[in-house]
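Data block below; observations after.
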Amino acid sequence: MIGVEKMHWSDVAAKRLAERGEKHIISTGITPSGEFHIGHLREILTGDMLTKAALKAGLDVEFVFIVDSADPLRKVYSFLDDDYEAYIGHQLKQIPPPTPEGKPDHERFSNGISYADHFLEPFKEALDQIDVRPRFIDNFESYASGKFSEMARIACNKATEIREIIERVSGRELSEEWFPWNPIDSTGSIDGITVTGWNDPYVEWIDSNGQSGRSDVTKGEGKLPWRIDWPAKWAWIGVTMEPFGKDHGAAGGSYDTGKEIIELFGKQAPVDLTYEWISLRGQGAMSSSSGNTIGPLEALSLVPPEILRYLIASTKPNKAIEFDTGMGLVTLADEFERTASRDFAIELDNEDLSRRKRVAVEDAQIAVELSSISASNEASQVTFRHLALLAQTKSNDGDVWASIGIQDQVSPSMIDRLHRMRTWIASRHFPEELRITILEHPNSEALALFGDEERTILPRIIELFTTCEWTSPGIQAAISNSAKSIELSPRVAYRTLYLTIMGVEKGPRLPAILSELNRETILSLLKQCL
RNA sequence: GGGCCUGUAGCUUAGUCAGGUAGAGCGACGGACUCUUAAUCCGUAGGUCGCGGGUUCGAACCCCGUCAGGCCCGCCA
């Protein structure tokens with residue numbers, strides 16, 4: 001007995017789903033309290049990949065994304081002006097979006113754009129680019145339209161049971177005034193308000209200003225607290241699976257209480273999948289409030305969407321990811337290119353493949369499948385590294401295509417890729433290691449590495465550079481000939497040039513780069529090195 | 001304080017559930033190509049599997065302890 005087949009993480013989860021039936025709703029949700037970041041992308045991509053795996057397994061599945069716009073503003077975040085003090089406790093759908101300076105933008109708000117919308121819109125654009133197309137559910141609208149009515153009434157009627165569950169499972173003690181409904185007070189806030197009575201379907205309250213009133217829980221005049229709000233959503237939407245961050249997944253966390261609370265609603269808790277967080281390399285966890293973020297759109301301006309998908313697809317959910325916008329991104333992108341261009345059918349055909357290797361091949365194959373964007377499925381003709389080189393040495397796109405040899409059939413995705421590469425090179429994220437730098441003055445440390453051969457060949461190079469055709473082939477011939485004419489390896493000529501022009505011993509292919517530069521500038525630099 | 005997750009070559013990691021003397025990619029190094037030397041091809045080196053015990057004929061894997069990082073028990077993907 002070899003054992004049960006091992007599978008890609010998405011298939012393992014799909015199998016768990018299949019054990020529960022045919023029809024499924026996979027849900028994800030995010031609070032639009034600040035700028036979305038690539039950490040949020042893990043939530044939504046994990047959900048998207050689970051959906052695809054479930055479809056592959058023959059299940060009837062729908063993917064939804066709940067926008068938690070009914071959540072209140074918790075505090076004045078660092079990117080907000082103190083004017084937002086007045087909105088603390090107010091629901092995100094009910095307050096104005098910030099201007100670029102962080103002030104409340106009343107004008108846009110009067111045009112129907114809320115704080116929640118402000119942050120959601122760019123994220124939707126990113127989702128479109130990475131080909132994630134969920135059904136959006138606006139939580140605030142859901143409350144307003146009565147979707148939560150039944151669950152809210154059950155929760156209020158079973159306040160004692162819910163209190164018991166939360167206190168027992170989370171191990172924390174709830175205050176005397178605690179009630180499973182947060183009404184909206186006379187100013188629009190759900191903070192600092194005390195529930196004084198419950199007369200189905202009305203919650204009676206008194207707020208911090210001494211004002212009293214009552215809220216109809218079936219009309220969304222308030223909201224359920226998070227720990228009840230979540231299972232209530234599972235219940236009314238019919239969620240059967242939900243991936244969530246490790247913060248919710250810890251023992252005693254909101255999933256643990258939620259799975260008991262939902263039973264009061266007469267439903268079953270969804271299958272869970274806890275995923276680790278994404279941090280920014282060298283900077284710790286990402287957080288919208290601290291400004292330590294990379295937005296999905298910023299990430300997408302640097303790399304094609306399939307690379308971001310690949311990052312999630314190829315990493316098991318319980319592994320923390322350190323997102324590296326420098327060399328790590330190059331390595332990731334190159335790994336994707338290599339993997340995507342493999343012929344898995346042939347590899348799997350090999351009978352001698354060990355079990356372990358076979359699983360690894362299948363895993364890679366599925367990761368690639370989950371990464372590809374439906375529209376453009378072709379393999380790219382260049383590695384990221386190489387494209388980075390070409391983009392830096394050839395200012396004209398046509399020259400780049402000619403160098404790759406695809407000038408007659410340039411695909412839209414290649415053009416797209418080159419443009420992203422140019423953006424990346426211009427950004428602060430581009431790794432110095434890959435950046436081509438041409439010296440303005442000779443580097444004495446580099447020249448100290450000169451040997452007899454280098455000293456001998458330099459005058460020959462200068463001589464041939466003075467007369468050769470200043471094109472890539474012309475320069476290449478000149479370099480080659482400078483060495484051959486005095487019976488040295490071209491290697492020496494290249495080393496000499498790297499030391500004189502870039503101050504390093506090795507480097508990228510020189511002829512193309514030099515042809516982009518001014519001949520006199522190079523000659524002058526070389527002569528200074530004599 | 002209680003609980004959960006993670007720790008494997010310089011880097012990213014597979015393998016841990018079902019124990020059988022560690023696999024891969026990147027990088028590094030070396031070589032090849034009458035060769036655009038960060039391209040391509042071939043090869044080499046590199047691991048006391050965080051640490052210490054235990055169980056076992058046998059442990060990266062199971063058990064106990066311990067260290068480090070992260071998280072939850074208010075809110076956060």
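Numbered from 1 within each chain, the chains take letters A, B, ... in sequence-line order. Given the structure is predicted, the values throughout are model-derived calculations rather than measurements.
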Open item on the list: Please tell me if A:S33 has a side-chain N or O lying less than 4.0 Å from either OP1 or OP2 of B:C76.
Closed with: no
- [ ] Return no unless some side-chain N or O of A:K316 is found under 4.0 Å from OP1 or OP2 of B:G15.
- [x]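 For A:K316, the contact criterion (side-chain N or O under 4.0 Å from OP1 or OP2 of B:G15) is met.
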Could you tell me how far apart [X] ([atom1]) and [N] ([atom2]) are, to the nearest whole angstrom?
X: A:M327; N: B:C11; atom1: CE; atom2: P; result: 15 Å
X: A:I436; N: B:A38; atom1: CD1; atom2: C1'; result: 8 Å
X: A:W226; N: B:C72; atom1: CH2; atom2: P; result: 14 Å
X: A:L329; N: B:U12; atom1: CG; atom2: P; result: 15 Å
X: A:E337; N: B:U40; atom1: CD; atom2: P; result: 12 Å
X: A:I321; N: B:G69; atom1: CD1; atom2: C1'; result: 17 Å
X: A:D334; N: B:U12; atom1: CG; atom2: P; result: 17 Å
X: A:E242; N: B:A77; atom1: CD; atom2: C1'; result: 11 Å

Span that lies between the [atom1] atom of [M] and that of [N], in whole angstrom:
N: B:A28; M: B:A38; atom1: P; result: 10 Å
N: B:A32; M: B:G25; atom1: P; result: 23 Å
N: B:U6; M: B:C51; atom1: C1'; result: 16 Å
N: B:G50; M: B:C61; atom1: P; result: 8 Å
N: B:U8; M: B:G15; atom1: P; result: 14 Å
N: B:U66; M: B:G23; atom1: C1'; result: 29 Å
N: B:A14; M: B:A60; atom1: C1'; result: 12 Å
N: B:C76; M: B:G20; atom1: P; result: 41 Å

Partner of [N] by Watson-Crick or G-U wobble geometry, both contacts under 3.5 Å, or none?
N: B:G1; result: B:C73
N: B:C41; result: B:G31
N: B:A68; result: B:U6
N: B:A24; result: B:U12

TODO: Quick one: list whatever passes side chain to side chain contact (heavy atoms under 4.5 Å, CB included) with A:H118, sequence neighbours left out.
DONE: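 For A:H118, the residues satisfying side chain to side chain contact (heavy atoms under 4.5 Å, CB included) (neighbours in sequence not counted) are A:P97, A:P98, A:R108.
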Open item on the list: Going by side chain to side chain contact (heavy atoms under 4.5 Å, CB included), name the residues that satisfy it together with A:D324, two or more places apart in sequence or in a different chain.
Closed with: A:R281
When all nucleic acid strands are considered with a 4.0 Å heavy-atom cut-off, which category describes [X]: base, sugar-phosphate, or nothing?
X: A:V492; value: base
X: A:T31; value: sugar-phosphate
X: A:Y275; value: base
X: A:R42; value: nothing
X: A:R227; value: sugar-phosphate

Listed pairs, N/O of protein and of nucleotides 3-6 of chain B, under 3.5 Å:
from, atom 1, to, atom 2, distance (Å)
B:U6, OP1, A:N318, ND2, 3.2
B:U6, O3', A:K319, NZ, 3.4

TODO: Let me know, please, whether A:Q476 or A:A320 comes out on the 5' side of the other along RNA chain B by nearest nucleotide.
DONE: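 The residue closer to the strand's 5' end, by nearest nucleotide, is A:A320.
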Open item on the list: Return whichever of A:L434 or A:V169 has its heavy-atom-nearest nucleotide of RNA chain B closer to the 5' end.
Closed with: A:L434
By side chain to side chain donor-acceptor pair (under 3.5 Å), which residues pair with [X], not counting sequence neighbours?
X: A:N182; result: none
X: A:R338; result: none
X: A:Q476; result: none

TODO: Could I get the full list of salt bridge (charged side-chain N to carboxylate O under 4.0 Å, His left out) partners for A:E260, not counting sequence neighbours?
DONE: A:R168
- [ ] Apply salt bridge (charged side-chain N to carboxylate O under 4.0 Å, His left out) to A:R342 and list each qualifying residue two or more places apart in sequence or on a separate chain.
- [x] A:E347
Open item on the list: For the base of B:A77 and the side-chain ring of A:W277, does the geometry meet a stacking cutoff of under 5.5 Å between centres and under 30° between planes?
Closed with: yes
Open item on the list: Using side-chain heavy atoms (C-beta onward) and a distance below 4.5 Å, is A:L127 in contact with A:I130?
Closed with: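 Yes, their side chains come closer than 4.5 Å.
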TODO: On the 0 to 90° scale, with breaks at 30° and 60°, tag the A:Y77-A:F79 ring pair as parallel, tilted or perpendicular.
DONE: parallel
- [ ] Quick one: sort the A:W226 and A:H248 rings into parallel, tilted or perpendicular, breaks at 30° and 60°.
- [x] tilted
TODO: Indicate yes or no: does A:K223 engage A:D68 in a salt bridge with an N to O separation below 4.0 Å.
DONE: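 Judged by the 4.0 Å cut-off on N to carboxylate O distance, A:K223 and A:D68 do not form a salt bridge.
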TODO: Can you see which heavy atom on A:L439 is nearest to which on A:L499, and at what distance?
DONE: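 Shortest heavy-atom contact: CD1-O, 4.2 Å.
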Any N/O pairs under 3.5 Å between the protein and nucleotides 21-32 of chain B? List them or say none.
from, atom 1, to, atom 2, distance (Å)
B:G25, O2', A:R338, NH2, 2.6

